[in-house]
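Within every chain, numbering begins at 1; the chains are lettered A, B, ... in the order of the sequence lines, protein sequences first and strands thereafter.
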Number of protein chains: 2
Amino acid sequence: MTDDRLSLVFSALADPTRRDIVARLATGDATVNELAEPYEVTVQAVSKHIKVLQDAGLVSRSREAQRRPCHLEAEVFDLMTKWIERYRREAEDRFRRLDALLEQLDARPTTEPPAKEAAS
Amino acid sequence: MTDDRLSLVFSALADPTRRDIVARLATGDATVNELAEPYEVTVQAVSKHIKVLQDAGLVSRSREAQRRPCHLEAEVFDLMTKWIERYRREAEDRFRRLDALLEQLDARPTTEPPAKEAAS
DNA sequence: AAGGTATTTAACCATCCGGTTGAATATGAG
DNA sequence: CTCATATTCAACCGGATGGTTAAATACCTT
């Protein structure tokens, strides 16, 4: 159902542990075991979290002996930012227009009725 | 489990229908019935979606006769943008530093061995 | 070949989530 | 009061999700 990229990214970041992992990876690459260490959950659970982040394109892996370090892919953030900014801007523009309209109405003499369709 | 605001917001936007509703609300307020019209799902399902958006602070309601128009609250986007931008910046900075380091190494004379412990 | 470390897979479980139908509530119109 | 409209609440269902334990895989070391 949620196979589009944006859904995967938002969904991945909806979990606090996963956001935490992203925050940790922003300071440098790390292995599953290193990432799992601070948490109480098993390393398998963290492995699953990383799978989710990977499927969302937020994390990539490499190989280095037995280890498989995780690397944060920052570009994916753009996708979110673009979406967010678009609708925020629209909503704020609309708000600004409404605000201007109200100011305009406010400027009129209050003796007149509220201008309910002043036909013609 | 996920009662923090950021989780609620990301989780709310992880659903395509809900993102669609947000997009729709960015162009103007609308009632549940109006919002439900374009979709195949029942109006109850849309009502639930709106509840989720409301709990995340993305949408507010008012009353107007029987209707309860939905209004998009754009400020909440800031929370996400801040979080996203923070880690993107960190990751990009790190990338830039690594890039610079590689360039620096690249500038060295290639006649020398790759500087990996010149043992034996 | 044998053993240790890092990681994933498999099977399972409880809970959450998005959807349904059906009944309840709230408000306005006759 | 009664009816119609708008919305929510309640109970239920199937599939996803986050967690577990136990076993398998991958790679290095000896």
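Inter-axis angle, ends of the helix from dA1(C)-dT30(D) to dG30(C)-dC1(D), five pairs per end, rounded to 10 degrees: 10°.
Looking at Asp4(A) and Ser7(A), their side chains do bring a donor and an acceptor atom within 3.5 Å of each other.
Ion pairing between Arg67(A) and Asp29(A) fails under the 4.0 Å rule for side-chain N and carboxylate O. At a threshold of 4.0 Å, the pair Glu90(B)-Arg86(B) counts as salt-bridged, since one of the basic side-chain nitrogens sits closer than that to a carboxylate oxygen. Ion pairing between a basic and an acidic side chain is recognised when a charged N comes within 4.0 Å of a carboxylate O; Asp55(B) and Lys51(B) show such pairing.
Distance CG (Asp15(B)) to P (dT17(D)): 12 Å, rounded to an integer number of Å. Going from atom CD1 of Ile50(A) over to atom P of dG19(D) covers 12 Å, rounded to whole Å. Distance Asp20(A) CG to dG18(D) C1': 16 Å, rounded to the nearest Å. The distance from atom CZ of Arg19(A) to atom P of dG18(D) is 12 Å, rounded to the nearest whole Å. Atom CZ of Arg67(A) and atom C1' of dA6(C) are 8 Å apart (whole Å). Computed from coordinates, the Gln44(B) CD to dA11(D) C1' distance equals 13 Å when rounded to whole Å. In this structure, the CG atom of Leu53(A) is 10 Å from the P atom of dG18(D), given to the nearest Å. One can place OH of Tyr39(B) at 14 Å from P of dG18(C), the figure rounded to the nearest angstrom.
Rounding to the nearest 0.5 angstrom, the gap separating the CD1 atom in Ile84(B) from the CG atom in Leu79(A) is 10.0 Å. Note that CZ of Phe10(B) and CG of Asp15(A) are 11.5 Å apart. Values are rounded to the nearest 0.5 Å. The NE2 atom of His71(B) sits 5.0 Å away from atom OG of Ser60(B), with the distance rounded to the nearest 0.5 Å. Here CE of Met80(B) is found 9.5 Å from OG1 of Thr81(A). Values are rounded to the nearest 0.5 Å. A distance of 4.5 Å separates CG of Leu6(B) from CZ of Arg19(A), quoted to the nearest 0.5 Å.
OP1 and OP2 of dC17(C) both lie 4.0 Å or more from every side-chain N or O belonging to His49(B). At the phosphate of dT7(D), neither OP1 nor OP2 sits under 4.0 Å from any side-chain N or O atom of Ser47(B). Between Arg68(A) and dT5(C) there is no side-chain polar atom (N or O) within less than 4.0 angstrom of OP1 or OP2.
If you find the closest nucleotide of DNA chain D to Pro69(B) and to Thr42(A), the one lying nearer the 5' end belongs to Pro69(B).
Of the options Leu25(A), Val52(A), Val76(A), a side-chain contact (heavy atoms from CB on, under 4.5 Å) to Val59(A) is made by Leu25(A) and by none of the others.
Here dA6(C) is the nucleotide among dA6(C), dA6(D), dT8(D) with the atom lying nearest to any side-chain atom of Asn33(A). Comparing dT7(C), dT20(C), dT20(D) against the side chain of Lys48(A) picks out dT20(D) as the nearest.
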Checklist line | Protein-to-nucleotide contact annotation, 5' to 3' order, nucleotides 24-30 of chain C [B base; S sugar-phosphate only; - none; under 4.0 Å, heavy atom] | finding: ---BS--
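Note on Lys51(B): nothing from the nucleic acid sits closer than 4.0 angstrom, heavy atoms only.
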